[in-house]
Amino acid sequence: KGPNMNMPPCATLTICGMRLRITYSNLLKRSRRVGILILRYLKILIIWAKMKIILLGPPGAGKGTIAKLLAERRNLKHISKGDLLRQAVANGTDLGLKAKSFMDSGKLVPDDLIIGMIEAKLKKEKINDFEFDGFPRTIAQADSLAKISSIDKVINLTDSDEVIVQRLSGRRTCRKCGAIFHVKNMPPKKAGFCDQCKAELFQREDDKEEAIRERLKVYKKQTSPLIDYYKKKKLLVEINAELRAEVVLENVLKSLVGV
């Protein structure tokens with residue numbers, strides 16, 4: 001109907017938190033552009049409706065923070081190997097009891113048990129949209145994962161060794177309540193003591209520079225083949241993780257829709 005038929009001057013369409021403003025004049029003069037724009041946003045909606053993501057990144061790159069923010073922003077189920085193991089052991093499942101026997105003897109839990117836990121969780125909870133945090137770590141694990149689920153995108157968070165060493169070596173942990181501080185980025189009100197319970201802060205062994213550099217060395221050796229593996233499949237996107245978490249998140253979201 002025309003503007004003389006009590007038409008509102010404009011309308012606003014909101015999809016996935018994004019506002020699309022459509023005016024009557026645009027609808028008349030630029031109907032093709034508006035139509036294309038609507039289709040583009042509908043495509044984004046479909047893509048985001050079911051998204052299966054893997055998050056990779058060295059220790060200290062902020063993978064856990066981004067995983068949490070991304071899960072909240074896009075309503076994704078966050079799945080990590082550590083959480084799966086702890087939950088399976090706590091629930092006393094057959095896979096959990098088998099995994100516990102390896103853990104108690106100081107051995108690594110075999111890949112087939114981890115994959116079994118993932119498959120059981122996806123089927124039981126009917127999960128169609130998820131993000132894997134820190135898994136897979138090897139090509140063998142990636143091959144096994146591919147047999148039970150497709151993957152839409154692999155996000156590799158990149159960070160320089162020096163930034164990671166500075167970030168992790170500055171962490172201080174409360175001996176009593178476990179609160180975490182940073183000597184530069186988030187210092188306690190009183191040096192060496194927790195703001196919450198006033199107990200002493202300490203530096204964990206794995207937060208010391210020598211240990212951090214060794215962890216980075218092991219990570220690169222283990223994960224480099226996996227990065228090449230997903231590059232060849234054209235699933236890998238690299239995101240600079242040295243920026244603020246909010247900026248990193250926005251860059252990740254853009255990569256998911258190819259813009």
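A donor-acceptor contact shorter than 3.5 Å links the side chain of Asp195 to the backbone of Lys189. The closest donor-acceptor contact from the side chain of Ser105 to the backbone of Ser101 lies under 3.5 Å. With Gln203 contributing its side chain and Asp207 its backbone, the two residues share a donor-acceptor pair below 3.5 Å. Although no hydrogens or angles enter the test, the distance criterion places no donor-acceptor pair under 3.5 Å between the side chain of Tyr229 and the main chain of Thr138. Side chain of Asn240 to backbone of Glu242: a donor-acceptor contact under 3.5 angstrom is found. Without hydrogens or angle criteria, Thr223 side chain to Leu226 main chain gives no donor-acceptor distance under 3.5 Å. With Arg215 contributing its side chain and Asp206 its backbone, the two residues share a donor-acceptor pair below 3.5 Å. Side chain of His78 to main chain of Lys68: no donor-acceptor pair is present (N/O by atom type, distance under 3.5 Å, no hydrogens or angles). Lys81 contributes no side-chain N or O that, together with a main-chain N or O of Phe135, makes up a donor-acceptor pair within less than 3.5 Å. Under a 3.5 Å cut-off, the side chain of Gln141 and the backbone N or O of Arg137 do form a donor-acceptor pair.
Side-chain contact check for Lys233 versus Ile151: every heavy-atom pair is 4.5 Å or farther apart. Proximity of Ile79 to Leu122: side-chain heavy atoms (C-beta onward) are separated by under 4.5 Å at one or more points. Within the 4.5 Å cutoff, the side chain of Leu249 has heavy atoms near those of the Leu70 side chain. Taking the side chain as every heavy atom from C-beta outward, Leu253 and Arg74 approach each other to under 4.5 Å. Two residues are said to be in side-chain contact when any heavy atoms from C-beta on lie closer than 4.5 Å; Val248 and Leu69 fail this criterion. Proximity of Glu214 to Lys208: side-chain heavy atoms (C-beta onward) are nowhere separated by under 4.5 Å.
Looking at every heavy atom in both residues, Phe181 comes nearest to Met186 through CB-O, 3.4 Å.
For the atom pair NZ (Lys190) and NZ (Lys198), the distance works out to 9.0 Å, reported to the nearest 0.5 Å. The CD atom of Gln196 sits 11.5 Å away from atom NZ of Lys176, with the distance rounded to the nearest 0.5 Å. One finds the CZ atom of Phe130 at 12.0 Å from the CD atom of Glu125 (value rounded to the nearest 0.5 Å). To the nearest 0.5 Å, atoms CD (Glu131) and CE (Met51) are separated by 11.5 Å. Rounded to the nearest 0.5 angstrom, Asn156 CG and Leu236 CG are separated by 5.5 Å. Cys174 contributes atom SG, which lies 9.0 Å from atom CD of Glu200 (distance to the nearest 0.5 angstrom).
A salt bridge does not link Glu250 with Arg244: every distance from a Lys NZ or Arg NE/NH1/NH2 to an Asp or Glu carboxylate oxygen is 4.0 Å or more. The residues Asp83 and Lys121 are annotated as not salt-bridged, no charged nitrogen and carboxylate oxygen being separated by less than 4.0 angstrom.
Note on Leu256 and Leu76: same hydrophobic cluster, where clusters join Ile, Leu, Val, Met, Phe, Trp and Tyr whose side-chain heavy atoms are under 4.5 Å apart, directly or indirectly. By the rule that hydrophobic residues join a cluster once side-chain heavy atoms approach within less than 4.5 Å of another member, Val154 and Ile148 end up as members of one cluster.
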- Item | Glu209 vs Arg213, salt bridge (charged side-chain N to carboxylate O under 4.0 Å, His left out): CA-CA, chis, key distance, verdict | CA-CA 6 Å; Glu209 182 173 343; Arg213 293 192 182 278; 3.1 Å; yes
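Applying the 6.0 Å contact sphere to CG of Asp94 captures no more than 12 heavy atoms from other residues, nucleotides or ligands.
The one candidate from Leu201, Thr173, Ile180 that meets the side chain to side chain contact (heavy atoms under 4.5 Å, CB included) condition with Cys194 is Leu201.
Cation-pi geometry between Lys98 and Phe102 is not met at under 6.0 angstrom from the ring centre and within 45 degrees of the axis.
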